[in-house]
Amino acid sequence: MKNLIQLLIVAVLVVSCSRDSTPKSGGTPIGGGGTEPPTNTIYTDAQIIEMTQKDVTKYFWDYAEVNSKLARERYHTDNPGQDANVVTTGGSGFGLMTILVGIKNGYVPRAEAVSRLSTALNFLQNANRFHGAWSHWIDGTTGNVIPFGTLDNGGDLVETAFLVQGLICVREYFKSSADPQEIALSQKADALWKGVEWNWYTQDQNVLYWHWSPNYNFQINLKLQGYDETMLTYILAAASPNYSIDKTVYQQGWARNGAIKSSGSQYGIPLVVNHNGAAGTVGPMFFSHYSFLGLDPRGLSDEYVNYGDVTTNHAKIMHQYCVANPKGWNGYSAKNWGLTASYSRNSDGSTGYSAHQPNNDLGVISPTAAISDYPYTPTESMNYLRFLYNENYSKYIGVAGPYDAYSMQYNWVTPRYLAIDQGPVSPMIENYKSAFLWNLFMNAPDVKAGLIKLGFHSTQYGF
């Protein structure tokens, strides 16, 4: 939860409705969007899906960090220059996957995308690394670490895992190409991921730790234990050919020797797992998004739980919670739902940041929550997308897709974006449509070997 707590330091700015539509990263802009619909036409579901995927791709294409071509931590239409060169490691991993979807669907030119991806991976090769891991934030002009906090000026293993998820998909997508530049890109992605020293981050214990600093060592001392967004880190650590962890690290660390399991339920729907910081209910939706852009949870089980049930039930409980609306917020409904970490409305009306969830419900809806649930709740997520694009386009849609957060209760919206919120949207929609990224990641030989090593079985992939 360190990411959520420390992001509370995000600067508070006056919210306006200005919309800066000037592309910032050069190259061929995706363009379109971010303005009033040309007519009062009600869009079809297929049109809405394409608009959504194309819109969020702009965040990682039109508004990428100008030097590295990786993802900016944030983009504020009310202050476009803020943190313009702050690269986010995890969000960049989501961005790599979003660009692959963009290539597949024709939103971005393939050759131009390959050139950009090559620039990005060259930047990562030369950026600061800490026993192979990258920092949470990187200076896009120098490649140097930007401290996320006083003690957090070194390797961030979880952010690194989200980046590596994207690198492996890049490797797999281009590895059979006949184009030398694409083959070189695939090989660069492979080398980068294989350089992460996952086992260093165990401190010789049976658990992974989130951070290591050359100045403060393991002083933050934050263990990765389920259930939250960090599951992927264990899979990749087991999959590493050079720096692998043993199965007992997963069992005792992530699974807590079986204590990850829950017998509880909400709205008659089993929780399946204990969500960190959310006793008896579910945590913010990103718990079931970040690790699963590449990991296919359908029919994926370890010796403790089935992660298809974990993720789908998480989404269904979140939907039911918003329908039940126990706090009586204006606007919550079957078509306006979804709580996760995002920008938020402070009690004084200013903009802050919060991990929205049933036990921290502030009346704020975060669009990424319901949209990125698309593989789990396609009907409910489509209802939400219709609500956004057909009923509230001028309020909640901007230059890079749905704004980060809004509250109908307070007639409040923040015209801002965060990479970690825009990032899951297009990949998860595409996974529902075609299992595109799931197939790339799950069929990667090293990933499959890592899953098998930890005792996983998958009905979708035959192991």
Should Q165 and M97 be marked as a side-chain contact (heavy atoms from CB on, under 4.5 Å) after you check the CA-CA gap, both sets of side-chain angles, and the distance that decides it?
CA-CA 8 Å; Q165 184 176 217; M97 302 172 87; 3.9 Å; yes

Going by heavy atoms in the side chains, are [X] and [Y] under 4.5 Å from each other?
X	Y	result
L232	F162	yes
P241	W193	yes
P367	L388	yes
T52	V425	yes
I220	W210	no
I397	M51	no
M382	I49	yes

What residue pairs, at least two apart or across chains, pass salt bridge (charged side-chain N to carboxylate O under 4.0 Å, His left out) with a residue in residues 162-174?
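Those involving residues 162-174 are R171-D190, R171-D446, E172-K175.
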
Salt bridge (charged side-chain N to carboxylate O under 4.0 Å, His left out) partners of residues 279-291, not counting sequence neighbours, each pair once
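For residues 279-291: none.
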
Of F463, Y250, W254, Y304, the residue whose pairing with F456 passes ring-ring contact (aromatic ring centres under 6.0 Å, His included)
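That would be Y250.
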
Between D156 and W134, is a side-chain hydrogen bond (donor to acceptor under 3.5 Å, both in side chains) present by the stated rule, with each step listed?
CA-CA 6 Å; D156 185 313; W134 289 272; over 6 Å; no

[Y] versus [X], side-chain donor and acceptor atoms under 3.5 Å:
X	Y	answer
S354	S344	no
Q205	Q252	no
Y307	S288	no
Q219	N217	no
N336	Y406	yes
S350	D348	yes

Taking ring pair (Phe, Tyr, Trp, His ring centres under 6.0 Å) as the definition, give me every residue that meets it alongside [X], ordered by chain and number, with sequence neighbours left out.
X	value
H319	W337
F123	none
Y201	none

Set of residues satisfying salt bridge (charged side-chain N to carboxylate O under 4.0 Å, His left out) with respect to [X], sequence neighbours excluded:
X	value
K327	none
K188	none
D309	none
D296	R298

Run the side-chain contact (heavy atoms from CB on, under 4.5 Å) test on D55 and Y389 for me, step by step, so that the C-alpha distance in whole Å, both residues' side-chain angles and the decisive distance to 0.1 Å come before the verdict.
CA-CA 12 Å; D55 282 351; Y389 277 84; 2.8 Å; yes

Pair T230, D228 - check side-chain hydrogen bond (donor to acceptor under 3.5 Å, both in side chains), show working.
CA-CA 6 Å; T230 68; D228 59 19; 2.7 Å; yes

Considering only residues two or more places apart or on different chains, which pairs with a residue in residues 87-104 satisfy side chain to side chain donor-acceptor pair (under 3.5 Å)?
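The answer is E73-T88, K104-E430.
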
Checking S262 side chain against G264 main chain: does a donor-acceptor pair fall under 3.5 Å?
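Yes; at least one donor-acceptor contact below 3.5 Å.
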
Not counting sequence neighbours, which residues clear side chain to side chain contact (heavy atoms under 4.5 Å, CB included) with A238? List them please.
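Checked A238 against side chain to side chain contact (heavy atoms under 4.5 Å, CB included); matches are I245, K453, L454.
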
Residues in side chain to side chain contact (heavy atoms under 4.5 Å, CB included) contact with Q409, at least two apart in sequence or another chain
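Q409: side chain to side chain contact (heavy atoms under 4.5 Å, CB included) contacts with W329, N330, S407.
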
Could you state the interatomic distance from CG (L236) to CG (L451), rounded to the nearest 0.5 Å?
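L236 CG to L451 CG: 9.0 Å, rounded to 0.5 Å.
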
From L96 atom CG to L70 atom CG, the distance as rounded to the nearest 0.5 Å:
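Going from the CG atom of L96 to the CG atom of L70 covers 6.5 Å.
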
Are Y384 and D373 close enough, and set up right, to give a side-chain hydrogen bond (donor to acceptor under 3.5 Å, both in side chains), and what steps lead you there?
CA-CA 11 Å; Y384 177 70; D373 278 348; over 6 Å; no

One pair to check against salt bridge (Lys or Arg N to Asp or Glu O under 4.0 Å): R72 and D83. What are the steps and the verdict?
CA-CA 8 Å; R72 289 176 55 166; D83 295 334; over 6 Å; no

Could you go step by step and tell me if W200 and Y243 meet the side-chain contact (heavy atoms from CB on, under 4.5 Å) rule?
CA-CA 8 Å; W200 168 262; Y243 303 103; over 6 Å; no

Begin from the C-alpha positions of M442 and L295 and carry the test side-chain contact (heavy atoms from CB on, under 4.5 Å) through to its verdict.
CA-CA 6 Å; M442 295 293 289; L295 280 175; 4.0 Å; yes

